[in-house]
Amino acid sequence: MKKNSHKSPSRSSRSRVGEALEEDRKLIYLRYDVFRANVKLFYALPTKTQPYNLSPKIHRLKPVTVKLLSKLRRREFLKAFSFGLAAPFFYNSAAHSQDNSNLEKSALATNLTARENQKPGTADWELENPATKREIEGYASLTSVNLGGEIKLFVNTKEPNYTIEIFRTGWYNGLGGRRIDDPIVRKGIRQPPPREDEASGLIECDWKDPYILQIPDRPSDWTSGIYLAKLTASISGKQSYIIFAVRDDDRKSDILFQSSVTTFQAYNNWGYKSLYRWNSQGKQAYKVSFNRPYAMSPNRKAAYGVGAGEFLTNFQPKRRTSSAGWEYNMVRWLEKEGCDVTYATNIDTHFNSRLLLSHKAFLSVGHDEYWSRDMRKNIEAARDEGVSIGFFGSNICYWQIRLEPSRITGEVNRTVVAYKEMADLDPMGGLQKELGAVNSVVEISNSGESKYEIDQPDRAQIATNYNKSPALYSLVTTRWRDHSIGSPEDALIGVMYETFQVNYDIVIDKNAPDWLLEKTDLKPGAKLPGLLGYEVDRMFGNAPKNIVRIGHSPYPHGGGTRYADMTVYTADSGAKVFATGSMQWAWGLDDYNAPQLRSPVLNAGAQQITRNVLAKLLNSAKD
């Protein structure tokens with residue numbers, strides 16, 4: 001009998017087989033996502049006997065889409081449904097999520113974000129059944145993780161099982177996210193109640209049995225971005241998020257996008273404590289922990305953002321502003337535009353002094369209110385090294401904070417310290433001593449006695465000229481503009497916080513340069529409706545002398561009129577620093593959350609100005 005002469009497959013052929021199987025698996029999930037989306041859409045269509053009963057996802061469709069769908073009869077829709085289910089079988093390449101005709105093939109080869117958005121997206125990342133009563137909730141061990149690292153996901157639910165689905169957020173042809181891997185099924189666990197420190201108000205969890213997520217060291221699979229772990233309880237179907245960023249520290253992208261997680265945590269009142277009196281039970285805390293979930297927005301209509309901090313929705317009460325967030329709108333727009341962007345959080349800005357230097361431009365977006373000394377020092381150093389900065393928000397760098405280790409795990413940068421209005425109680429008031437890179441614990445015991453893990457510093461009241469910004473090292477957690485610190489925000493940003501509860505129009509200033517308005521129909525005096533608010537900034541006189549006011553926007557206040565400012569200046573390094581002076585700018589770029597949480601204010605002029613600003617920031621930066 002003749003022996004079998006077949007040889008074992010080579011490593012390269014096995015690799016090709018593995019790649020083919022992986023592509024088949026992804027294609028199956030694409031078909032599944034299309035199937036689910038079509039089924040949901042089918043049952044949302046009206047009949048003669050059944051009026052519209054639209055799900056939150058269908059509510060987010062553009063009005064023209066809903067109008068079109070309303071004209072479809074069910075028989076006609078079944079044809080569209082069948083085609084949608086079959087489409088993946090006839091289409092072998094990844095769907096284009098944007099028009100990349102303006103991107104050279106060589107640019108696509110190096111721009112991982114543009115390539116990422118050519119992959120098939122899904123709307124399944126969105127919550128359809130939010131856990132409004134904390135039926136399932138969780139938090140991550142880190143705010144960000146680098147490629148090749150690991151992150152722990154802690155989950156609390158009394159239900160027997162739950163699933164974790166990981167999605168990357170972005171544009172993806174308007175679907176807003178991409179499924180990363182197969183759903184993970186885990187046994188439910190009812191976690192112990194959090195520990196509370198009565199003196200500081202600190203609420204911190206010590207949860208067990210985390211899911212350890214290993215991030216592959218393959219940027220093509222796990223492109224840097226803001227990721228959402230969608231949690232779904234097995235019986236009730238209730239859902240919430242865990243949010244984290246995936247970094248790519250070796251990638252020198254044009255733009256670094258910062259997610260402002262310290263501000264998320266400042267307003268987070270999970271456990272009934274935040275850094276604010278209005279949403280804390282009893283007194284406000286002066287320490288808050290990342291070792292706890294993000295609470296739900298006080299507006300139940302915004303419950304679909306529960307667990308994601310202020311990335312999708314926000315924690316503000318309805319009486320102040322809409323409950324819509326800001327960062328996700330900018331993420332969607334940047335990736336729709338094909339920008340070369342990577343992502344990090346301001347915790348990374350705090351401890352990694354070299355992070356910003358690998359990029360041409362750094363973006364702070366939306367609500368970036370709480371800064372440590374090292375955050376500001378590293379951002380100023382990057383500007384002075386030629387890194388341009390875009391501040392697409394307001395109320396930026398208002399409070400100084402300190403970061404301390406977890407009281408439970410000892411992991412660094414897990415506790416935000418901010419005495420704020422109680423700054424007189426801050427034991428670090430007037431400190432002028434340099435500290436090491438690793439944060440040190442400073443706490444007040446129940447008796448009120450100061451306890452240090454560093455040498456007792458000399459105390460001194462620091463008085464400065466308000467119009468100067470000396471290099472002081474005061475670590476007292478008060479406003480940056482106060483005399484104890486003496487570093488007003490506008491010395492860096494160009495503008496600083498004036499007031500809140502504004503919802504008005506941005507007005508282009510007569511001094512706006514030609515490059516800003518290029519390819520727009522805008523002229524000085526033109527308005528960008530609805531983009532001013534909800535907190536606004538103005539010039540205070542501490543910015544560099546070459547600053548140019550490019551927006552000067554009136555708004556009613558206290559029976560009179562005040563003005564908010566939009567500015568740009570050139571640093572000595574040649575870097576450009578741009579500031580909108582308004583938090584709502586990103587709403588002019590992308591309409592996520594409209595109309596269910598706010599009015600649509602999409603604006604072609606604001607979009608082109610943003611393109612012009614980014615081009616100026618990138619062209620001004622040093623290579």
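The figures that follow rest on heavy atoms only: side chains count, while hydrogens, waters and symmetry mates do not. Position 1 is the first residue of the sequence, and the numbers go up from there.
- When every heavy atom of A229 is checked against every heavy atom of I166, the shortest pair comes out as CB-CD1, 3.6 Å.
- Atom CG of L516 and atom CD1 of I508 lie 6.0 Å apart (nearest 0.5 Å).
- In this structure, CG on D374 lies 5.0 Å from NE2 on H350, to the nearest 0.5 angstrom.
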Using side-chain hydrogen bond (donor to acceptor under 3.5 Å, both in side chains), reason through T349 and N346 one step at a time and then give a plain yes or no. CA-CA 5 Å; T349 307; N346 55 358; over 6 Å; no
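- A salt bridge links R481 with E489: at least one charged nitrogen is closer than 4.0 Å to a carboxylate oxygen.
- The two residues M566 and A579 have their closest heavy-atom pair at CG-O, 3.1 Å.
- Separation of the F290 and Y139 ring centroids does not fall under the 6.0 Å cut-off.
- D197 has no carboxylate O lying under 4.0 Å from a charged side-chain N of K287, or vice versa, which leaves the two without a salt bridge.
- W585 pairs with exactly one of T580, T610, N329 by the side chain to side chain donor-acceptor pair (under 3.5 Å) rule, that one being T610.
- Note on ring orientation: taking the six-membered ring where Trp is involved, the planes of W270 and W207 are perpendicular (angle over 60°, cut-offs 30° and 60°).
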In sequence, state the C-alpha distance, the side-chain angles, and the governing distance for Q284 and E421, and then conclude on side-chain hydrogen bond (donor to acceptor under 3.5 Å, both in side chains). CA-CA 10 Å; Q284 71 192 61; E421 298 88 353; 3.2 Å; yes
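- Taking CG of L532 as the reference point, atom CE of M583 lies at 11.0 Å (rounded to 0.5 Å).
- In terms of heavy-atom proximity, D537 sits nearest to G393 at OD2-O, 4.3 Å.
- In summary, R292 and E204 do not engage in a salt bridge, as defined by a charged side-chain N under 4.0 Å from a carboxylate O.
- Y398 and Y497 have perpendicular rings, their planes meeting at more than 60° on a 0 to 90° scale where under 30° would count as parallel.
- Residues Y370 and A266 come closest through the heavy atom pair CE1-CB, 3.4 Å.
- A distance of 6.0 Å or more separates the ring centres of H367 and F264.
- For E498, the salt bridge (Lys or Arg N to Asp or Glu O under 4.0 Å) partners are R538, R562, not counting sequence neighbours.
- For the side chain to side chain contact (heavy atoms under 4.5 Å, CB included) test with D565, the passing option among I547, D509, I506, V495 is V495; the others fail.
- Partners of D254 by side chain to side chain contact (heavy atoms under 4.5 Å, CB included), not counting sequence neighbours, listed by chain and number: D340, K360, L618.
- Annotation for E327 and S260: closest pair OE2-N, 2.9 Å, computed over non-hydrogen atoms.
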Report, one line per pair, each donor and acceptor closer than 3.5 Å where one atom sits in a side chain of residues 145-154; sequence neighbours left out.
from : atom 1 : to   : atom 2 : distance (Å)
N146 : OD1    : D249 : N      : 3.0
E150 : OE1    : Q214 : NE2    : 2.8

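- Environment of CG in N546: crowded, with over 12 heavy atoms of neighbouring residues, nucleotides or ligands closer than 6.0 Å.
- Closest approach of R247 and A344 over heavy atoms only: CD-CB, 4.1 Å.
- Interatomic distance, D590 CG to E335 CD, rounded to the nearest 0.5 Å: 11.5 Å.
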Enumerate donor-acceptor pairs with a distance under 3.5 Å from any side-chain N or O in residues 381-392 to protein atoms, sequence neighbours excluded.
from : atom 1 : to   : atom 2 : distance (Å)
R383 : NH1    : Y569 : OH     : 3.0
S388 : OG     : K576 : N      : 3.1
S388 : OG     : L617 : O      : 2.9

Taking it one step at a time, do T415 and E404 satisfy side-chain hydrogen bond (donor to acceptor under 3.5 Å, both in side chains)? CA-CA 5 Å; T415 304; E404 291 182 352; 5.5 Å; no
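- Annotation: side-chain hydrogen bond (donor to acceptor under 3.5 Å, both in side chains) contacts of N395 (sequence neighbours excluded): none.
- With sequence neighbours left out, R195 forms a salt bridge (Lys or Arg N to Asp or Glu O under 4.0 Å) with D206.
- The aromatic rings of Y227 and W222 lie parallel to each other, with less than 30° between the two planes, well short of the 60° mark.
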